[in-house]
Number of protein chains: 2
Amino acid sequence: MKKSLQNKDHTKNIIQKAGFRATKPRLALLSLLQVAKYPLNIKEIMGKLETATADQVTVYRILDAFKKAGIVNQINFQDNATRYEYKDTEHDHHHIVCVTCKKVEDFIGCDYKKLAGEVLKQTPCFAEITDHSFEFFGKCKTCVSV
Amino acid sequence: MKKSLQNKDHTKNIIQKAGFRATKPRLALLSLLQVAKYPLNIKEIMGKLETATADQVTVYRILDAFKKAGIVNQINFQDNATRYEYKDTEHDHHHIVCVTCKKVEDFIGCDYKKLAGEVLKQTPCFAEITDHSFEFFGKCKTCVSV
DNA sequence: TTCATTGCAAAACGTTTGCATGTAT
DNA sequence: ATACATGCAAACGTTTTGCAATGAA
């Protein structure tokens with residue numbers, strides 16, 4: 001079986017296992033997020049999706065549903081546009097963003113689990129932690145000298 | 001000298017040391033952020049500011065300038081509204097947010113400096129780190145049982 | 001006085017809602 | 001067949017821009 005077909009089946013499985021119907025917009029959107037090199041905002045998503053694959057409103061609804069289902073992560077680069085990324089549990093990572101040119105690079109090593117335990121002890125109101133966000137902002141080697 | 005006057009002078013000093021003129025909107029906004037118990041979004045700010053103290057556009061411009069000057073932090077709770085918090089360098093902290101009722105509690109212990117060094121080694125494109133964001137999302141003791 | 005700062009009007013985005021139509025299972 | 005999903009239109013909330021008027025130093 002060809003690799004691309006395996007991937008298509010895999011994408012379809014993820015959608016169905018999460019309890020959703022495998023529709024054209026959902027398959028296209030999840031496939032797109034799976035190959036994206038960094039978290040995409042709505043404009044980038046609509047630009048990369050083939051015309052008439054999905055309405056923008058549909059994309060918003062799917063992203064919301066996928067986020068609740070734990071299939072995608074919602075990410076914010078402080079640029080007034082929510083970004084979404086496929087949640088690959090095998091390759092947990094976070095991002096560093098250049099504040100000047102917006103270049104993005106991944107990094108690993110965020111040991112949030114240890115801190116999560118300490119935080120629950122510190123915060124008397126809270127019972128459980130379900131998610132976390134963590135990004136670094138800085139300057140890339142090109143922009144730092146400007 | 002009364003405490004409230006000391007605070008007023010302190011607020012004025014912060015603004016002027018950052019290179020800004022100590023105008024009514026800027027004094028009111030920074031004072032508000034200094035006493036806020038959690039990061040405020042624009043609606044909350046406009047609601048808490050006395051009427052006619054500052055136009056909403058002015059508030060946006062001041063927040064942007066204060067952020068660039070390092071006086072305030074920009075924070076995102078994944079609720080489509082940018083939040084701002086007075087940056088008190090003496091009391092560095094982050095936030096945990098209840099995904100159900102939006103309650104916020106602070107926590108300390110984010111040792112980002114150690115990770116920042118490792119991240120710069122990992123990411124060949126980046127030269128320096130200037131900022132970071134870190135929030136936990138979870139459920140408070142009231143909402144967890146629902 | 002002078003230049004930084006503000007207010008107002010209007011536009012530009014990002015996001016959500018309601019409802020009729022379409023479709024995966 | 002039918003409950004789930006989508007598309008379209010329109011509303012909504014947040015943020016930005018241009019420009020003339022104002023005010024702090």
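Order of the sequence lines sets the chain letters (A, B, ...), proteins ahead of strands, with each chain counted from 1.
Summarising the geometry, the separation between CD on A:Gln56 and C1' on D:dA10 is reported as 14 Å, rounded to the nearest angstrom. One can place CG of A:Leu63 at 15 Å from P of D:dA5, the figure rounded to the nearest angstrom. Rounded to an integer number of Å, the gap from CD of B:Gln78 to P of D:dT14 is 17 Å. Rounding to whole angstrom units, CD of residue B:Glu44 and C1' of D:dT15 are separated by 17 Å. Between B:Phe77 atom CZ and D:dT14 atom P the separation is 16 Å, expressed in whole Å. Rounding to whole angstrom units, CG of residue B:Asp55 and P of D:dT17 are separated by 16 Å.
In the helix from C:dT1-D:dA25 to C:dT25-D:dA1, the rotation axis of the first five pairs and that of the last five pairs differ in direction by 40°, rounded to 10 degrees.
Between B:Thr23 and B:Lys43, the residue anchored nearer the 5' end of DNA chain D, judged by the nucleotide with its closest heavy atom, is B:Lys43. DNA chain C is contacted by both A:Tyr60 and B:Gly19; B:Gly19 maps to the nucleotide lying nearer its 5′ end (nearest heavy atom per residue). Along DNA chain D, the nucleotide nearest to B:Asn41 and the one nearest to A:Phe20 differ in position, and the one closer to the 5' end is contacted by A:Phe20.
Taking the side chain as every heavy atom from C-beta outward, B:Asp64 and B:Phe66 never approach each other to under 4.5 Å. A:Tyr84 has its side chain out of reach of A:Val59: every pair of non-hydrogen atoms, C-beta onward, lies at least 4.5 Å apart. The closest side-chain heavy-atom distance from A:Phe126 to A:Leu120 is below 4.5 Å. Side chains of A:Glu44 and A:Arg83 form a contact here, defined as non-hydrogen atoms less than 4.5 Å apart.
Using modelled atom types, no side-chain atom of A:Gln74 and backbone atom of A:Lys67 make a donor-acceptor pair closer than 3.5 Å. At least one donor-acceptor pair under 3.5 Å links the side chain of A:His94 to the backbone N or O of A:Phe134.
The aromatic rings of A:Phe137 and A:Phe77 sit perpendicular, their planes meeting at an angle over 60°, well past the 30° parallel limit.
Donor-acceptor pairing under 3.5 Å is recorded for the side chains of A:Thr11 and A:Gln34.
When each of B:Val35, B:Leu30, B:Leu32 is checked for a side chain to side chain contact (heavy atoms under 4.5 Å, CB included) with B:Tyr86, only B:Leu30 meets the rule.
Contacts of A:Arg61 with the nucleic acid, taken as non-hydrogen atoms under 4.0 Å apart, include base atoms. Residue A:Lys24 is classed as having no contact, given no heavy-atom separation below 4.0 Å to the nucleic acid.
Side chain of A:Arg21, nearest nucleotide from D:dA9, D:dT6, D:dA5: D:dA5.
Chain A approaches DNA chain C over the interval C:dG14 to C:dT25, counting the first and last nucleotide 5' to 3' with an atom under 4.0 Å from its heavy atoms.
In this model, the phosphate group of D:dC4 is not approached by any side-chain N or O of A:Arg26 to a distance below 4.0 Å at OP1 or OP2.
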